[in-house]
Amino acid sequence: MYHDILVPTDGSNASAAAVDHAVSLASQYDARVHALYVVDTGSYGLLEERASVVVDALREEGKKAVGTVETAAETADLGVETAVVEGTVHRSILDYAEENGVDLIVMGTHGRRGIDRYLLGSVTERIVRSAPIPVLTVRGESAEDS
């Protein structure tokens, strides 16, 4: 049923829960896992000369986040692709899915919290509303839930 499963990650608890589900589904269907981290460069454009420092730090954060997914997929003996890209988060996720023949997106219901979530809006909601493929949303435990 599924051949390529995309799990966008930001390294949050909600993303970790989505990774678990994505790996489980990929194991069941012998699918490849795609881990994607999007550096939202548009949100940091106002920082001008300091923007490159922020973007570089986010790229490093992204490498760690997709590395966690890669480890989980490899432990389950699954094929895995990782990518860290720059752009608008929801658009980049949808573009990646289309360009890579993804047939399921698995993502957390809440990623970044606080002011980031307020400013960026709900990426998951945008994906659910506009993705031409199925989207599985996974609620993860957050600091607010404990």
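Atom set for the values below is all heavy atoms of this structure, side chains included, hydrogens, waters and symmetry mates excluded.
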Flag for Tyr37-Glu61: side-chain donor and acceptor within less than 3.5 Å
yes

Polar side chain donor-acceptor pair, Asp4 to His34, under 3.5 angstrom
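Side-chain D/A pair, Asp4 to His34: present.
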
Decide yes or no on side-chain contact (heavy atoms from CB on, under 4.5 Å) for Val102 and Ile5, but give the supporting numbers first.
CA-CA 6 Å; Val102 169; Ile5 298 173; 6.0 Å; no

Residue pair Ser15 / Pro8: nearest heavy atoms and the distance that separates them
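Of all heavy-atom pairs spanning Ser15 and Pro8, the closest is OG-O, 4.2 Å.
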
Does the pair Tyr96 and Glu81 meet the rule for a side-chain contact (heavy atoms from CB on, under 4.5 Å), with working shown?
CA-CA 12 Å; Tyr96 183 94; Glu81 301 287 331; 4.1 Å; yes

Out of curiosity, does Ile93 fall in the hydrophobic cluster containing Val135 (side-chain heavy atoms, cut-off under 4.5 Å, transitive links)?
yes

State, with a plain yes or no, whether a side-chain heavy atom of [X] is found less than 4.5 Å away from one of [Y].
| X | Y | result |
| --- | --- | --- |
| Val66 | Val84 | yes |
| Val55 | Arg59 | yes |
| Leu94 | Ser130 | yes |

Evaluate the criterion side-chain contact (heavy atoms from CB on, under 4.5 Å) for residue pair Ile105 and Ile127; output intermediate values, then yes/no.
CA-CA 9 Å; Ile105 300 171; Ile127 299 297; 4.0 Å; yes

Point-to-point distance, once rounded to the nearest 0.5 Å, from CG of Leu104 to CG of Leu6:
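Reported value, rounded in 0.5 Å steps: 8.5 Å.
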
More than 12 heavy atoms of other residues, nucleotides or ligands under 6.0 Å from CD of Glu74: yes or no?
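Yes, CD of Glu74 has more than 12 neighbouring heavy atoms, counting only those of other groups under 6.0 Å.
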
Audit row: Glu60, Lys63, salt bridge (Lys or Arg N to Asp or Glu O under 4.0 Å) steps and yes/no:
CA-CA 5 Å; Glu60 286 304 311; Lys63 287 178 187 176; 3.3 Å; yes

With Met107, the side-chain contact (heavy atoms from CB on, under 4.5 Å) member among Val123, Val138, Leu136, Leu36:
Val123

Looking at the rings of His3 and Tyr29, which for Trp means the six-membered one, are their centres under 6.0 Å apart?
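No, they do not, as the ring centres are separated by 6.0 Å or more.
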
